[in-house]
Amino acid sequence: MDLEARSLQQNVKATLLIKLREYKNDLNNLKSEVKRITSANVNQAARDELLESGMADAKMVSTDQRQRLMMSTERLNQSSDRIREGRKVMLETEELGVSILHDLHQQRQSLLHAHNTLHGVDDNISRSKKILTNMSRRMNRNKWIIGSIVAVLVIAIILILYFKLAH
């Protein structure tokens with residue numbers, strides 16, 4: 001690729017040579033990375049060998065860890081049961097709350113209906129009071145009229161008797 005890039009025209013040649021150098025640098029970096037990774041695998045193998053020698057101690061530690069794991073699992077199961085119970089109580093409480101809200105809504109509707117009915121009754125009472133007041137005034141006026149008619153009649157009878165007896 002280097003030979004091909006050098007044989008091209010001057011303006012294209014410069015850009016291609018720059019790119020070619022970049023690619024070579026990238027290739028060298030990748031090669032060194034691969035070497036580093038493969039040497040880490042060798043270190044890993046040595047580490048595994050060291051760990052296999054300590055397996056006898058690991059079995060004792062393993063039983064202790066198993067017991068702790070079982071205790072942790074039991075605690076986790078107990079916590080799960082408590083969460084289930086809590087969820088059950090929460091759902092029952094929610095249902096109770098919904099029921100109470102429904103009852104309160106019905107009671108509100110009843111109160112609003114009673115309020116409207118009360119206003120209707122209040123309006124009717126006001127109208128009845130006005131009618132009774134008017135009737136009372138008419139009754140008093142009629143009493144005065146009848147009283148004055150009776151008085152005029154009594155005076156007329158007295159006058160008639162006076163003139164009849166005096167002549």
Side-chain angles (χ1 to χ4, degrees), residues 1-140:
M1 281 202 280
D2 196 5
L3 290 175
E4 282 291 321
R6 291 176 192 264
S7 67
L8 293 174
Q9 296 175 357
Q10 187 66 16
N11 59 355
V12 176
K13 176 176 156 180
T15 58
L16 289 178
L17 285 176
I18 292 171
K19 284 186 181 180
L20 186 61
R21 277 189 222 120
E22 289 175 5
Y23 292 147
K24 283 182 182 179
N25 284 336
D26 288 344
L27 181 63
N28 288 333
N29 289 338
L30 289 173
K31 283 182 182 179
S32 64
E33 184 71 24
V34 168
K35 285 181 185 178
R36 188 179 59 81
I37 290 173
T38 55
S39 69
N41 285 341
V42 172
N43 291 338
Q44 182 69 28
R47 182 174 176 268
D48 289 342
E49 284 179 31
L50 286 173
L51 288 176
E52 285 178 10
S53 66
M55 284 303 278
D57 292 335
K59 287 184 182 182
M60 290 175 52
V61 171
S62 175
T63 56
D64 185 42
Q65 286 178 345
R66 185 175 292 139
Q67 288 175 349
R68 284 189 286 162
L69 181 62
M70 289 175 65
M71 288 174 52
S72 297
T73 304
E74 185 177 333
R75 283 189 209 138
L76 183 63
N77 288 337
Q78 289 173 353
S79 296
S80 296
D81 290 341
R82 281 185 285 189
I83 289 173
R84 277 189 218 105
E85 286 296 319
R87 180 175 280 185
K88 182 179 173 184
V89 169
M90 179 195 65
L91 290 174
E92 289 173 355
T93 304
E94 183 181 9
E95 288 176 11
L96 181 64
V98 167
S99 174
I100 288 171
L101 284 175
H102 181 70
D103 290 344
L104 287 174
H105 177 71
Q106 287 179 342
Q107 290 174 0
R108 181 178 189 272
Q109 293 300 323
S110 297
L111 287 173
L112 288 174
H113 178 69
H115 183 261
N116 291 337
T117 304
L118 182 62
H119 277 295
V121 168
D122 189 36
D123 291 341
N124 289 337
I125 288 174
S126 296
R127 242 183 279 131
S128 298
K129 187 176 180 181
K130 287 178 185 176
I131 290 171
L132 287 174
T133 303
N134 286 336
M135 286 174 64
S136 175
R137 281 188 205 141
R138 285 181 189 164
M139 192 172 66
N140 285 334

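By convention here, the first residue in the shown sequence is residue 1.
Using a 4.0 Å cut-off between charged side-chain N and carboxylate O, Arg127 and Asp123 make no salt bridge.
Evaluated for a side-chain contact (heavy atoms from CB on, under 4.5 Å) with Leu96, the options Val98, Ile100, Thr93 yield exactly one hit, Ile100.
Taking CE of Met139 as the reference point, atom CG of Leu132 lies at 10.0 Å (rounded to 0.5 Å). Note: Leu20 CG to Asn25 CG = 10.0 Å, rounded to the nearest 0.5 Å. One distance of note links NE2 of His115 with NE2 of His113; it measures 13.0 Å at 0.5 Å rounding. Note that the CZ atom of Arg108 and the OG atom of Ser110 stand 11.5 Å from one another [nearest 0.5 Å]. For the atom pair OG1 (Thr117) and CG (Asp122), the distance works out to 12.5 Å, reported to the nearest 0.5 Å. Taken from CG in Asp26 to CG in Leu30, the straight-line distance is 6.5 Å, to the nearest 0.5 Å.
A donor-acceptor pair under 3.5 Å is absent between the side-chain atoms of Ser99 and the main chain of Glu95, judged by distance alone.
No side-chain heavy atom of Glu74 sits less than 4.5 Å from a side-chain heavy atom of Asn77. With contacts defined as side-chain heavy-atom distances shorter than 4.5 Å, the pair Met135/Ile131 qualifies. Side-chain contact check for Asp81 versus Glu85: every heavy-atom pair is 4.5 Å or farther apart. A heavy-atom distance below 4.5 Å is found between the side chains of Arg68 and Asp64.
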Assess whether side-chain contact (heavy atoms from CB on, under 4.5 Å) is satisfied between Thr15 and Lys19, documenting all intermediate values.
CA-CA 6 Å; Thr15 58; Lys19 284 186 181 180; 5.6 Å; no
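For Glu94, the CD atom sits in a loose shell: 12 or fewer heavy atoms of surrounding residues, nucleotides or ligands are nearer than 6.0 Å. Enclosure of atom CE in Met90 by more than 12 non-hydrogen atoms of other residues, nucleotides or ligands within 6.0 angstrom is indicated.
The ring pair (Phe, Tyr, Trp, His ring centres under 6.0 Å) search around His102 returns none, not counting sequence neighbours.
In summary, the side chains of Ser72 and Arg75 do not present any donor paired with an acceptor at a separation below 3.5 Å, with no hydrogens or angles considered.
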